[in-house]
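Heads up, the thing below is written out as C-alpha coordinates.
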Amino acid sequence: MKKLSTIVGLLAFIILIACSSSNQADSAYANATQNSNEISGDDSTNRSSLSVGLSIFKRSLIQDRNNAVPNDKYVQPLKRAQLDALGNESVYVVKLGHSSILMKVYGKYWLIDPMFSERASPVSFVGPKRFEAAAISIEDLPKVDKVFISHNHYDHLDNDTIEFLSNDTTLFYVPEGVDENLASMGVSKANIQTFVWWQEVDFIDNSDYNNREFTVAFTPSQHFSGRTLWDKNDTLWGSWVFLLDEYKLYFSGDTGYFDGFKIIGEKYGPFDVSFMENGAYDDLWKTIHMFPAQTVQAHQDLKAKVLIPIHNSTFDLASHEWDEPLNEILKISQEKKVTLSTPRFGEIIDLKKPIFTEHWWK
(Lines give C-alpha, C1' and ligand atoms only; values in the text may rest on other atoms or scores of the structure.)
Protein backbone atom coordinates (compact mmCIF):
# COMPACT_ATOMS: atom_id res chain seq x y z
CA MET A 1 0.00 0.00 0.00
CA LYS A 2 2.84 2.38 0.83
CA LYS A 3 4.48 1.63 -2.53
CA LEU A 4 1.20 2.28 -4.35
CA SER A 5 0.69 5.55 -2.50
CA THR A 6 4.20 6.65 -3.40
CA ILE A 7 3.69 5.81 -7.07
CA VAL A 8 0.34 7.62 -7.25
CA GLY A 9 1.82 10.67 -5.56
CA LEU A 10 4.83 10.67 -7.83
CA LEU A 11 2.67 10.43 -10.94
CA ALA A 12 0.43 13.26 -9.81
CA PHE A 13 3.39 15.47 -8.99
CA ILE A 14 5.18 14.74 -12.29
CA ILE A 15 2.14 15.48 -14.42
CA LEU A 16 1.38 18.65 -12.50
CA ILE A 17 4.87 20.09 -12.70
CA ALA A 18 6.21 18.67 -15.96
CA CYS A 19 3.17 19.73 -17.98
CA SER A 20 3.84 23.31 -16.97
CA SER A 21 6.65 23.44 -19.53
CA SER A 22 5.52 24.00 -23.09
CA ASN A 23 6.27 25.77 -26.32
CA GLN A 24 5.01 28.96 -24.75
CA ALA A 25 8.54 29.33 -23.41
CA ASP A 26 9.49 31.10 -26.63
CA SER A 27 6.99 33.89 -26.00
CA ALA A 28 8.08 34.18 -22.37
CA TYR A 29 11.70 34.53 -23.41
CA ALA A 30 10.75 37.08 -26.07
CA ASN A 31 8.82 39.13 -23.53
CA ALA A 32 11.68 39.07 -21.06
CA THR A 33 14.28 40.08 -23.61
CA GLN A 34 12.31 42.65 -25.57
CA ASN A 35 14.83 45.31 -24.52
CA SER A 36 17.88 43.11 -24.95
CA ASN A 37 18.87 40.76 -27.74
CA GLU A 38 21.82 39.35 -25.83
CA ILE A 39 20.09 36.18 -24.60
CA SER A 40 17.55 33.95 -26.25
CA GLY A 41 15.72 30.83 -25.17
CA ASP A 42 16.86 27.30 -25.79
CA ASP A 43 14.34 25.54 -28.03
CA SER A 44 15.25 22.22 -26.47
CA THR A 45 13.41 23.26 -23.30
CA ASN A 46 10.19 23.12 -25.29
CA ARG A 47 10.07 19.42 -26.12
CA SER A 48 7.08 17.45 -24.95
CA SER A 49 6.97 17.71 -21.17
CA LEU A 50 4.25 15.10 -20.97
CA SER A 51 6.57 12.56 -22.60
CA VAL A 52 9.27 13.50 -20.11
CA GLY A 53 6.83 13.08 -17.23
CA LEU A 54 5.76 9.67 -18.48
CA SER A 55 9.40 8.62 -18.88
CA ILE A 56 10.05 9.56 -15.27
CA PHE A 57 6.99 7.64 -14.11
CA LYS A 58 8.00 4.53 -16.08
CA ARG A 59 11.50 4.68 -14.63
CA SER A 60 10.11 4.98 -11.10
CA LEU A 61 8.29 1.68 -11.55
CA ILE A 62 11.31 -0.36 -12.61
CA GLN A 63 14.32 1.37 -11.06
CA ASP A 64 15.78 0.12 -7.79
CA ARG A 65 17.21 3.08 -5.90
CA ASN A 66 19.77 3.19 -3.14
CA ASN A 67 20.80 6.11 -0.95
CA ALA A 68 17.91 8.28 -2.11
CA VAL A 69 17.60 9.90 1.33
CA PRO A 70 20.20 10.42 4.07
CA ASN A 71 20.34 8.08 7.06
CA ASP A 72 21.57 10.77 9.43
CA LYS A 73 20.52 14.30 10.38
CA TYR A 74 22.71 17.06 8.99
CA VAL A 75 20.83 20.32 9.53
CA GLN A 76 22.34 22.50 12.25
CA PRO A 77 19.43 24.06 14.18
CA LEU A 78 19.44 27.85 14.15
CA LYS A 79 17.93 29.97 16.93
CA ARG A 80 16.62 33.51 16.78
CA ALA A 81 19.04 34.56 19.52
CA GLN A 82 21.99 33.64 17.29
CA LEU A 83 20.73 35.97 14.57
CA ASP A 84 20.00 38.77 17.03
CA ALA A 85 23.55 38.51 18.35
CA LEU A 86 25.08 39.20 14.93
CA GLY A 87 26.39 42.70 14.32
CA ASN A 88 24.99 45.24 11.87
CA GLU A 89 28.25 46.02 10.10
CA SER A 90 28.46 43.08 7.75
CA VAL A 91 26.36 40.71 5.63
CA TYR A 92 25.53 37.28 7.05
CA VAL A 93 23.96 34.44 5.09
CA VAL A 94 22.33 31.19 6.22
CA LYS A 95 21.23 28.31 4.00
CA LEU A 96 17.94 27.15 5.50
CA GLY A 97 17.29 24.16 3.24
CA HIS A 98 17.02 23.47 -0.50
CA SER A 99 17.45 26.89 -2.15
CA SER A 100 16.09 28.96 0.73
CA ILE A 101 18.49 31.60 2.01
CA LEU A 102 18.22 34.04 4.91
CA MET A 103 20.44 37.12 4.78
CA LYS A 104 21.13 39.68 7.47
CA VAL A 105 22.11 42.70 5.40
CA TYR A 106 23.65 45.26 7.70
CA GLY A 107 20.96 44.61 10.28
CA LYS A 108 17.97 44.01 7.98
CA TYR A 109 16.66 40.51 7.19
CA TRP A 110 16.06 39.38 3.61
CA LEU A 111 14.82 35.99 2.38
CA ILE A 112 15.38 34.33 -0.98
CA ASP A 113 13.01 31.60 -2.20
CA PRO A 114 11.73 30.79 1.31
CA MET A 115 10.27 27.30 1.59
CA PHE A 116 9.38 26.01 5.07
CA SER A 117 6.67 23.44 4.35
CA GLU A 118 7.13 19.70 4.73
CA ARG A 119 6.35 18.98 1.07
CA ALA A 120 7.14 20.73 -2.21
CA SER A 121 3.67 20.18 -3.57
CA PRO A 122 0.32 21.86 -4.14
CA VAL A 123 -1.14 19.57 -1.46
CA SER A 124 0.10 18.65 2.01
CA PHE A 125 -0.46 14.89 1.84
CA VAL A 126 1.55 13.90 -1.24
CA GLY A 127 4.62 15.07 -3.16
CA PRO A 128 8.34 15.37 -2.38
CA LYS A 129 8.90 15.38 1.38
CA ARG A 130 11.74 17.14 3.20
CA PHE A 131 14.56 15.07 4.61
CA GLU A 132 14.64 17.44 7.60
CA ALA A 133 12.86 20.56 8.75
CA ALA A 134 14.32 23.94 7.83
CA ALA A 135 17.22 25.13 9.98
CA ILE A 136 14.97 27.60 11.80
CA SER A 137 11.22 27.42 12.27
CA ILE A 138 9.23 30.02 10.42
CA GLU A 139 7.73 31.13 13.73
CA ASP A 140 11.21 31.88 15.08
CA LEU A 141 12.23 34.11 12.18
CA PRO A 142 13.06 37.73 12.93
CA LYS A 143 11.08 40.46 11.18
CA VAL A 144 11.74 40.06 7.46
CA ASP A 145 12.19 43.27 5.49
CA LYS A 146 12.37 41.88 1.94
CA VAL A 147 11.58 38.60 0.14
CA PHE A 148 12.98 37.71 -3.31
CA ILE A 149 11.47 34.95 -5.47
CA SER A 150 13.22 33.38 -8.49
CA HIS A 151 10.21 31.57 -10.00
CA ASN A 152 6.92 30.01 -9.04
CA HIS A 153 7.63 26.27 -8.77
CA TYR A 154 6.48 24.73 -5.51
CA ASP A 155 9.95 24.11 -4.13
CA HIS A 156 10.68 27.85 -4.44
CA LEU A 157 7.30 29.49 -3.90
CA ASP A 158 5.33 27.90 -1.07
CA ASN A 159 1.77 28.90 -0.21
CA ASP A 160 1.95 28.42 3.55
CA THR A 161 5.30 30.17 3.81
CA ILE A 162 4.16 33.22 1.86
CA GLU A 163 0.90 33.43 3.78
CA PHE A 164 2.85 33.46 7.04
CA LEU A 165 5.28 36.12 5.81
CA SER A 166 2.56 38.36 4.42
CA ASN A 167 2.06 41.49 6.51
CA ASP A 168 1.84 45.25 6.14
CA THR A 169 5.58 45.89 5.96
CA THR A 170 7.37 42.96 4.28
CA LEU A 171 8.13 43.74 0.62
CA PHE A 172 8.21 41.09 -2.12
CA TYR A 173 10.32 41.24 -5.30
CA VAL A 174 9.20 38.74 -7.90
CA PRO A 175 9.35 37.87 -11.63
CA GLU A 176 6.69 39.35 -13.86
CA GLY A 177 3.40 37.50 -13.36
CA VAL A 178 4.28 35.99 -9.98
CA ASP A 179 2.56 38.94 -8.32
CA GLU A 180 -0.74 37.22 -9.13
CA ASN A 181 0.44 34.09 -7.33
CA LEU A 182 1.35 36.14 -4.26
CA ALA A 183 -1.90 38.08 -4.31
CA SER A 184 -3.79 34.79 -4.15
CA MET A 185 -1.74 33.94 -1.04
CA GLY A 186 -2.79 37.12 0.74
CA VAL A 187 0.05 39.50 -0.10
CA SER A 188 -1.07 43.07 -0.77
CA LYS A 189 -0.22 44.16 -4.31
CA ALA A 190 1.09 47.40 -2.80
CA ASN A 191 3.88 45.30 -1.24
CA ILE A 192 4.91 43.55 -4.48
CA GLN A 193 7.29 44.75 -7.17
CA THR A 194 7.59 42.76 -10.39
CA PHE A 195 10.67 42.44 -12.57
CA VAL A 196 11.67 41.52 -16.10
CA TRP A 197 15.21 40.47 -16.94
CA TRP A 198 17.91 43.11 -16.41
CA GLN A 199 15.58 45.30 -14.37
CA GLU A 200 17.24 46.85 -11.32
CA VAL A 201 16.07 48.40 -8.08
CA ASP A 202 18.11 50.61 -5.73
CA PHE A 203 17.74 50.69 -1.97
CA ILE A 204 19.05 53.38 0.38
CA ASP A 205 19.50 52.35 3.99
CA ASN A 206 19.19 55.42 6.20
CA SER A 207 18.92 53.58 9.49
CA ASP A 208 20.77 54.79 12.57
CA TYR A 209 23.69 52.46 12.05
CA ASN A 210 23.90 52.51 8.25
CA ASN A 211 24.20 54.89 5.34
CA ARG A 212 24.56 52.51 2.44
CA GLU A 213 23.21 52.12 -1.07
CA PHE A 214 22.34 48.72 -2.54
CA THR A 215 21.38 47.56 -6.04
CA VAL A 216 19.48 44.37 -6.78
CA ALA A 217 19.04 43.13 -10.36
CA PHE A 218 16.80 40.42 -11.79
CA THR A 219 18.80 38.50 -14.37
CA PRO A 220 18.07 35.68 -16.86
CA SER A 221 18.12 31.96 -16.29
CA GLN A 222 17.23 29.03 -18.52
CA HIS A 223 14.23 27.42 -16.90
CA PHE A 224 10.41 27.55 -17.04
CA SER A 225 7.41 28.28 -14.80
CA GLY A 226 4.03 26.93 -13.83
CA ARG A 227 2.00 25.76 -10.83
CA THR A 228 -0.99 24.12 -12.55
CA LEU A 229 -1.97 22.54 -15.85
CA TRP A 230 -3.34 25.89 -16.97
CA ASP A 231 -0.56 28.45 -16.42
CA LYS A 232 2.15 27.15 -18.73
CA ASN A 233 5.00 29.69 -18.64
CA ASP A 234 2.58 32.51 -17.93
CA THR A 235 5.06 33.94 -15.42
CA LEU A 236 8.74 34.77 -15.74
CA TRP A 237 11.68 33.08 -13.99
CA GLY A 238 15.24 34.19 -13.37
CA SER A 239 18.19 34.76 -11.08
CA TRP A 240 19.15 37.58 -8.70
CA VAL A 241 22.21 39.79 -8.39
CA PHE A 242 22.83 41.53 -5.06
CA LEU A 243 25.27 44.46 -4.95
CA LEU A 244 25.50 45.09 -1.23
CA ASP A 245 27.99 47.85 -0.55
CA GLU A 246 31.33 45.99 -0.47
CA TYR A 247 29.85 42.58 -1.37
CA LYS A 248 28.54 41.16 -4.64
CA LEU A 249 26.38 38.04 -4.53
CA TYR A 250 24.73 35.93 -7.22
CA PHE A 251 21.75 33.61 -6.67
CA SER A 252 21.07 31.27 -9.59
CA GLY A 253 17.54 30.10 -8.87
CA ASP A 254 16.83 27.09 -11.10
CA THR A 255 18.57 26.99 -14.47
CA GLY A 256 20.24 24.99 -17.14
CA TYR A 257 23.68 26.00 -18.34
CA PHE A 258 23.58 28.78 -20.95
CA ASP A 259 25.64 31.68 -22.26
CA GLY A 260 23.82 34.11 -20.00
CA PHE A 261 26.24 33.40 -17.16
CA LYS A 262 29.08 35.03 -19.08
CA ILE A 263 26.95 38.07 -19.86
CA ILE A 264 25.88 38.44 -16.22
CA GLY A 265 29.50 38.08 -15.13
CA GLU A 266 30.62 40.77 -17.57
CA LYS A 267 27.86 43.15 -16.49
CA TYR A 268 27.91 42.68 -12.71
CA GLY A 269 30.91 40.57 -11.72
CA PRO A 270 33.24 39.63 -10.30
CA PHE A 271 31.11 38.22 -7.48
CA ASP A 272 32.33 37.48 -3.99
CA VAL A 273 30.00 34.48 -3.66
CA SER A 274 27.80 32.58 -6.09
CA PHE A 275 24.92 30.52 -4.70
CA MET A 276 24.55 27.99 -7.50
CA GLU A 277 22.02 25.30 -8.27
CA ASN A 278 23.59 21.86 -7.84
CA GLY A 279 21.11 19.03 -7.58
CA ALA A 280 17.96 17.47 -9.10
CA TYR A 281 19.64 17.07 -12.49
CA ASP A 282 18.90 14.39 -15.08
CA ASP A 283 19.45 13.79 -18.79
CA LEU A 284 15.68 14.02 -19.26
CA TRP A 285 15.71 17.70 -18.28
CA LYS A 286 19.34 18.64 -18.92
CA THR A 287 18.49 22.03 -20.45
CA ILE A 288 16.68 23.36 -17.36
CA HIS A 289 18.86 22.00 -14.52
CA MET A 290 22.65 21.92 -14.42
CA PHE A 291 24.93 18.97 -13.82
CA PRO A 292 27.75 19.62 -11.30
CA ALA A 293 30.38 20.24 -13.99
CA GLN A 294 28.11 22.85 -15.53
CA THR A 295 27.54 24.46 -12.14
CA VAL A 296 31.29 24.88 -11.73
CA GLN A 297 31.62 26.27 -15.26
CA ALA A 298 28.75 28.72 -14.67
CA HIS A 299 30.45 29.89 -11.47
CA GLN A 300 33.62 30.54 -13.47
CA ASP A 301 31.65 32.33 -16.20
CA LEU A 302 30.25 34.63 -13.53
CA LYS A 303 33.79 35.50 -12.38
CA ALA A 304 32.83 34.51 -8.85
CA LYS A 305 35.33 33.83 -6.09
CA VAL A 306 33.54 31.39 -3.75
CA LEU A 307 30.99 28.79 -4.86
CA ILE A 308 28.27 27.70 -2.43
CA PRO A 309 25.99 24.97 -3.86
CA ILE A 310 22.23 25.11 -3.27
CA HIS A 311 19.17 23.13 -4.45
CA ASN A 312 20.29 19.85 -2.86
CA SER A 313 20.05 17.67 0.25
CA THR A 314 16.45 18.58 1.09
CA PHE A 315 14.03 16.90 -1.35
CA ASP A 316 14.30 13.80 -3.51
CA LEU A 317 13.64 15.40 -6.91
CA ALA A 318 15.75 13.25 -9.27
CA SER A 319 17.09 9.71 -9.60
CA HIS A 320 20.63 10.40 -8.40
CA GLU A 321 21.73 9.55 -4.86
CA TRP A 322 21.02 12.31 -2.37
CA ASP A 323 24.70 13.13 -1.77
CA GLU A 324 25.92 12.72 -5.36
CA PRO A 325 25.67 16.44 -6.20
CA LEU A 326 27.96 17.37 -3.32
CA ASN A 327 30.44 14.57 -3.98
CA GLU A 328 30.63 15.50 -7.66
CA ILE A 329 30.98 19.23 -7.19
CA LEU A 330 33.68 18.69 -4.57
CA LYS A 331 35.70 16.57 -6.99
CA ILE A 332 35.22 18.90 -9.94
CA SER A 333 35.96 22.03 -7.91
CA GLN A 334 39.23 20.51 -6.78
CA GLU A 335 40.12 19.60 -10.37
CA LYS A 336 39.26 23.11 -11.63
CA LYS A 337 40.87 24.84 -8.63
CA VAL A 338 37.59 26.52 -7.74
CA THR A 339 37.06 27.64 -4.14
CA LEU A 340 34.11 25.62 -2.84
CA SER A 341 32.35 26.40 0.43
CA THR A 342 30.01 23.77 1.90
CA PRO A 343 28.27 25.11 5.00
CA ARG A 344 25.60 23.00 6.61
CA PHE A 345 22.03 24.20 6.60
CA GLY A 346 21.82 26.46 9.64
CA GLU A 347 25.47 27.53 9.79
CA ILE A 348 25.95 31.28 9.76
CA ILE A 349 28.18 32.53 6.93
CA ASP A 350 29.94 35.83 7.54
CA LEU A 351 30.84 37.18 4.09
CA LYS A 352 34.11 38.43 5.53
CA LYS A 353 35.12 34.76 5.79
CA PRO A 354 32.68 32.66 3.74
CA ILE A 355 34.67 29.46 3.30
CA PHE A 356 33.46 26.28 5.04
CA THR A 357 35.47 23.15 4.27
CA GLU A 358 33.71 20.44 6.31
CA HIS A 359 32.45 17.62 4.12
CA TRP A 360 29.52 17.04 6.44
CA TRP A 361 27.63 14.68 4.11
CA LYS A 362 30.38 12.04 4.06
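Values below: all heavy atoms of this structure, side chains included; hydrogens, waters and symmetry mates excluded.
Between A135 and F345 the shortest heavy-atom distance is CB-C, 4.0 Å. Closest heavy-atom contact between F116 and A134: CD2-CB, 3.8 Å. In terms of heavy atoms, P114 sits closest to L165 at CG-CD1, 3.9 Å.
Evaluated for a ring-ring contact (aromatic ring centres under 6.0 Å, His included) with W110, the options F172, F251, F148 yield exactly one hit, F148. For the pairing with W240, the ring-ring contact (aromatic ring centres under 6.0 Å, His included) check across F218, F275, F271, Y250 returns one residue only, F218.
A cation-pi contact, defined as under 6.0 Å to the ring centre and within 45° of the axis, links K146 to F203. A cation-pi contact links R227 to Y154, judged by a cut-off of 6.0 Å to the six-membered ring centre and 45° from its axis.
Between the side chains of D282 and S319, a donor-acceptor pair is found at a separation under 3.5 Å. In summary, the side chains of D179 and T194 do not present any donor paired with an acceptor at a separation below 3.5 Å, with no hydrogens or angles considered. Side-chain polar atoms of N167 and K143 form no donor-acceptor pair below 3.5 angstrom. Looking only at atom types and distance, the side chain of E277 has no donor-acceptor partner in the side chain of Y257 under 3.5 Å away. With 3.5 Å as the limit, one finds no donor-acceptor pair spanning the side chains of N278 and H311. With hydrogens and angles left out, the side-chain atoms of H299 and S274 include a donor and acceptor closer than 3.5 Å. A donor-acceptor contact closer than 3.5 angstrom is absent between the side chains of S188 and N191. Side chains of S239 and S252: a donor-acceptor N/O pair is absent below 3.5 angstrom, by distance only. If you check the side chains of D140 and S137, you find no donor sitting under 3.5 Å from an acceptor. Looking at D113 and S100, their side chains never bring a donor and an acceptor atom within 3.5 Å of each other.
Of the possible donor and acceptor atoms, one in the side chain of H320 sits under 3.5 Å from a partner among the backbone N and O of A280. A donor-acceptor pair under 3.5 Å links the side-chain atoms of R119 to the main chain of G127, judged by distance alone. Formation of a donor-acceptor pair under 3.5 Å by the T342 side chain with backbone atoms of E358 is found in this model.
Relative ring orientation between H359 and W361 is described as tilted, the plane-to-plane angle lying within the 30° to 60° band.
The local environment of NZ in K353 is sparse, with at most 12 non-hydrogen atoms from other residues, nucleotides or ligands closer than 6.0 Å.
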Point to revise | Intermediate values then yes/no, salt bridge (charged side-chain N to carboxylate O under 4.0 Å, His left out), D272 and K305 | key: CA-CA 5 Å; D272 295 286; K305 300 173 184 176; 3.5 Å; yes
Check your understanding: Taking it one step at a time, do I329 and N312 satisfy side chain to side chain contact (heavy atoms under 4.5 Å, CB included)?
Key -> CA-CA 12 Å; I329 203 166; N312 57 64; over 6 Å; no
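Hydrophobic clustering of Ile, Leu, Val, Met, Phe, Trp and Tyr side chains at less than 4.5 Å, counting indirect connections, keeps L78 apart from I308.
Using a cut-off of 4.0 Å between Lys/Arg side-chain N and Asp/Glu carboxylate O, K95 and E347 are scored as not salt-bridged. Between K129 and D316 no salt bridge is recorded (no basic side-chain N to carboxylate O distance below 4.0 Å).
Residue pairs meeting the salt bridge (charged side-chain N to carboxylate O under 4.0 Å, His left out) criterion with at least one partner in residues 325-343, sequence neighbours excluded, are E328-K331. Within the structure, every pair that satisfies the side chain to side chain donor-acceptor pair (under 3.5 Å) test and touches residues 69-82, not counting sequence neighbours, is listed here: R80-D84.
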